[in-house]
Amino acid sequence: ATMTACNRASVWPITLELLQMAGQTGAATVVVYNGALTACDKGHQWQMALEILSALTQQDLQPSSISFGAALSACQRCGRWQEALWLLQE
């Protein structure tokens with residue numbers, strides 16, 4: 001709920017801090033990562049979105065269509081079409 005409120009308020013840095021705290025406590029789920037990816041999308045943070053997507057898979061979690069959609073959208077917002085194509089091939 002806190003992460004959703006931060007996303008609505010467009011405070012992506014706080015959302016990323018929440019992801020970090022969830023990771024430290026072992027509470028990071030795909031839903032938590034998706035919240036952070038959505039924050040990156042809204043904050044035009046395509047590089048961070050790709051890093052978070054990578055971290056999600058390194059935690060042995062399976063990205064969802066929402067995960068990829070948010071990362072793709074972040075790339076699209078910033079005109080990073082090559083990175084978006086790379087994601088589509090994954």
Contact check, side chains of D41 and L72, non-hydrogen atoms, under 4.5 Å: no
Heavy-atom closest pair, residues Y33 and A28: CE1-CB, 3.7 Å
Check whether more than 12 heavy atoms from other residues, nucleotides or ligands sit under 6.0 Å from atom CG of L61, and answer yes or no. yes
Indicate yes or no: at least one non-hydrogen side-chain atom of W81 is less than 4.5 angstrom from one of Q76. no
From CG (L56) to CG (N34), nearest 0.5 Å: 7.0 Å
Any side-chain heavy atom of R77 within less than 4.5 Å of one from W46? no
Just by distance, do the side chain of Q45 and the backbone of G43 share a donor-acceptor pair under 3.5 Å? yes
Any side-chain heavy atom of T38 within less than 4.5 Å of one from S73? no
What is the distance from atom CD1 of I52 to atom SG of C40, rounded to the nearest 0.5 Å? 3.5 Å
Find out whether V30 and Q62 are in side-chain contact, i.e. whether some heavy atom of one side chain is under 4.5 Å from a heavy atom of the other. no
When rounded to the nearest 0.5 Å, the distance separating CG of L37 from OG of S67 is 6.0 Å
Could you grab the distance from atom CD of Q47 to atom SG of C75, nearest 0.5 Å is fine? 9.5 Å
Look at the side-chain heavy atoms of Ile, Leu, Val, Met, Phe, Trp and Tyr, link any pair under 4.5 Å apart, and say whether V31 and I66 land in one connected group. no
